[in-house]
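Atom set for the values below is all heavy atoms of this structure, side chains included, hydrogens, waters and symmetry mates excluded. Residue numbers start from 1 in every chain, and the chains themselves are labelled A, B, ... in the order their sequence lines are given, proteins ahead of strands.
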Protein chains: 2
Amino acid sequence: MTSAATTATTAPEEPGRRLSSDERRAQIILAALTVFGSRGYEGATTDQVARAAGVSQPYVVRLFGTKEKLFLATLEFGLDRLLGVFREALAASDEGGERPAGKRIGEAYIDLIEVRGLHQTLAHAYLLGSNPAIGAAARQGFARVWRFFRDEMGLDADEARVFLAEGMLISTMIGLRIVDDYGSDTQITELFRACFPNKLPHVLEVLPRSEPL
Amino acid sequence: MTSAATTATTAPEEPGRRLSSDERRAQIILAALTVFGSRGYEGATTDQVARAAGVSQPYVVRLFGTKEKLFLATLEFGLDRLLGVFREALAASDEGGERPAGKRIGEAYIDLIEVRGLHQTLAHAYLLGSNPAIGAAARQGFARVWRFFRDEMGLDADEARVFLAEGMLISTMIGLRIVDDYGSDTQITELFRACFPNKLPHVLEVLPRSEPL
DNA sequence: GTCTATACTGAGATAGAC
DNA sequence: GTCTATCTCAGTATAGAC
């Protein structure tokens with residue numbers, strides 16, 4: 001449990017190699033996403049993040065300054081990634097009217113489960129409105145998403161609200177980990193099904209791989 | 001800061017009076033709702049709950065056993081209360097077709113901001129799916145709500161999903177505390193407005209009273 | 001039923017070596 | 001760029017008095 005390779009969440013790396021601090025930062029943020037995602041900001045420890053990233057706890061603090069700054073960096077990464085895939089999906093072709101922008105973006109959102117902990121970390125951040133630093137960042141981030149729907153995607157306020165709402169529900173279902181109670185494809189509840197129209201198989205394949213840590 | 005009356009979140013009580021342990025439990029759960037709501041399960045401390053309730057920290061632990069059990073009790077209280085007001089709203093009369101059940105229940109959900117921290121505490125619980133005890137309780141609780149929509153209210157799976165989604169968005173907006181960045185009635189954003197159709201004035205009146213602690 | 005005092009532990013952060 | 005050792009404090013839980 002001391003070697004990087006053993007516990008690393010991220011892609012395999014050549015064992016003996018020394019990474020640039022930017023590479024490490026990126027790697028740690030990926031790990032932080034999974035840890036913050038499952039335990040939340042306060043519940044997560046910098047040590048858990050460090051282990052998941054295969055580095056020592058003090059080094060995580062060294063690179064990011066404080067746990068709070070680490071969380072803020074992780075949140076920003078998550079939001080950038082989210083808006084990144086949304087923009088890609090928006091720009092993608094319509095395939096002859098079969099996949100309108102709304103559908104593409106909805107699916108892109110669900111596909112983000114591949115980036116483990118992203119949905120949950122954002123959702124946790126959104127709940128921390130009372131926290132001075134994190135709350136402010138969360139509101140800003142949420143506003144960015146809202147503006148994407150309104151300005152870039154061109155939805156009206158009502159359509160945007162519905163979109164956002166479905167997104168929040170999906171995040172909730174992921175955070176709840178209904179998979180844990182109902183096993184694999186057979187017993188999954190109607191409740192869970194109803195949340196992932198046409199994406200269920202994919203979700204069922206990916207979610208159980210997201211270790212609770 | 002030692003007297004009960006000074007810091008109590010809940011209703012004024014006669015200073016010198018000794019409460020039954022059930023009364024205390026109820027009072028502490030109310031306080032716990034606000035504290036867990038703003039800081040989350042891990043972020044909240046039993047001491048903050050104790051202060052908010054006007055009792056000593058060890059006594060909170062004494063009454064509930066552990067912080068986890070306190071959270072579970074608080075979660076259950078919140079869910080009971082939620083389903084309670086939903087059932088009331090469902091049973092209420094239609095007022096000549098002006099307020100169908102869906103609308104009444106939606107409004108009842110928003111009116112629950114009066115029970116400070118309820119929405120946020122539930123939302124926090126829903127995100128803790130990876131936690132053995134809390135995750136299981138949260139899934140159970142979420143399923144109860146789902147069944148209310150399906151069985152008692154008679155919605156089909158799709159309608160129920162839409163309902164739940166709007167609810168998750170509303171909880172998110174409350175947790176985000178957009179009020180904090182945009183002050184009172186004047187500067188409130190479109191984003192916030194869009195989430196509380198016809199309920200904005202009420203929300204704007206209550207939310208700012210919910211102290212961040 | 002409720003408090004004060006306190007034991008114990010876990011976790012963030014710092015110092016300093018390599 | 002990264003580690004080990006360690007300080008320090010906050011927070012849960014226990015003991016025991018009133």
Within the structure, does a side-chain N or O atom of A/Thr46 lie under 4.0 Å from either OP1 or OP2 of C/dA11?
no

Tell me whether the OP1 or OP2 atom of D/dT2 has a side-chain N or O from A/Ser56 closer than 4.0 Å.
no

B/His124 ring center within less than 6.0 Å of B/Phe71 ring center:
no

A/Tyr182/A/Phe192 aromatic ring centres below 6.0 Å
no

Take the protein atom [atom1] of [X] and the nucleotide atom [atom2] of [N], then report the distance between them rounded to whole Å.
| X | N | atom1 | atom2 | answer |
| --- | --- | --- | --- | --- |
| B/Asp47 | D/dC9 | CG | C1' | 14 Å |
| A/Phe64 | C/dA13 | CZ | P | 13 Å |
| B/Gln48 | D/dG11 | CD | P | 7 Å |
| B/Ile28 | C/dG1 | CD1 | P | 12 Å |
| A/Leu70 | C/dG12 | CG | C1' | 12 Å |
| B/Glu42 | D/dA10 | CD | C1' | 14 Å |
| B/Glu68 | D/dA13 | CD | P | 9 Å |
| B/Asp22 | C/dG1 | CG | P | 8 Å |

So what does A/Thr45 hit on the nucleic acid, given a heavy-atom distance under 4.0 Å: a base, only sugar-phosphate, or nothing?
sugar-phosphate

Of the listed nucleotides D/dT4, C/dA13, C/dG1, the one nearest the side chain of B/Tyr59
C/dG1

Using heavy-atom distances to pick each residue's nearest nucleotide on DNA chain D, tell me which of A/Leu63 and A/Pro58 is more 5'.
A/Leu63

Presence of donor-acceptor pair under 3.5 Å, side chain of B/Arg62 and base of D/dG16
yes

Does the D/dA13 base have a donor-acceptor partner in the side chain of B/Gln57 within less than 3.5 Å?
yes

Is atom CZ of A/Arg81 surrounded by more than 12 heavy atoms (other residues, nucleotides or ligands) closer than 6.0 Å?
no

Steps toward side chain to side chain contact (heavy atoms under 4.5 Å, CB included) verdict (A/Phe148, A/Met153):
CA-CA 6 Å; A/Phe148 171 84; A/Met153 203 179 156; 4.2 Å; yes

Say whether, by atom type as modelled, one donor and one acceptor occur between the side chain of B/Glu23 and the main chain of B/Ser20 under 3.5 angstrom.
yes

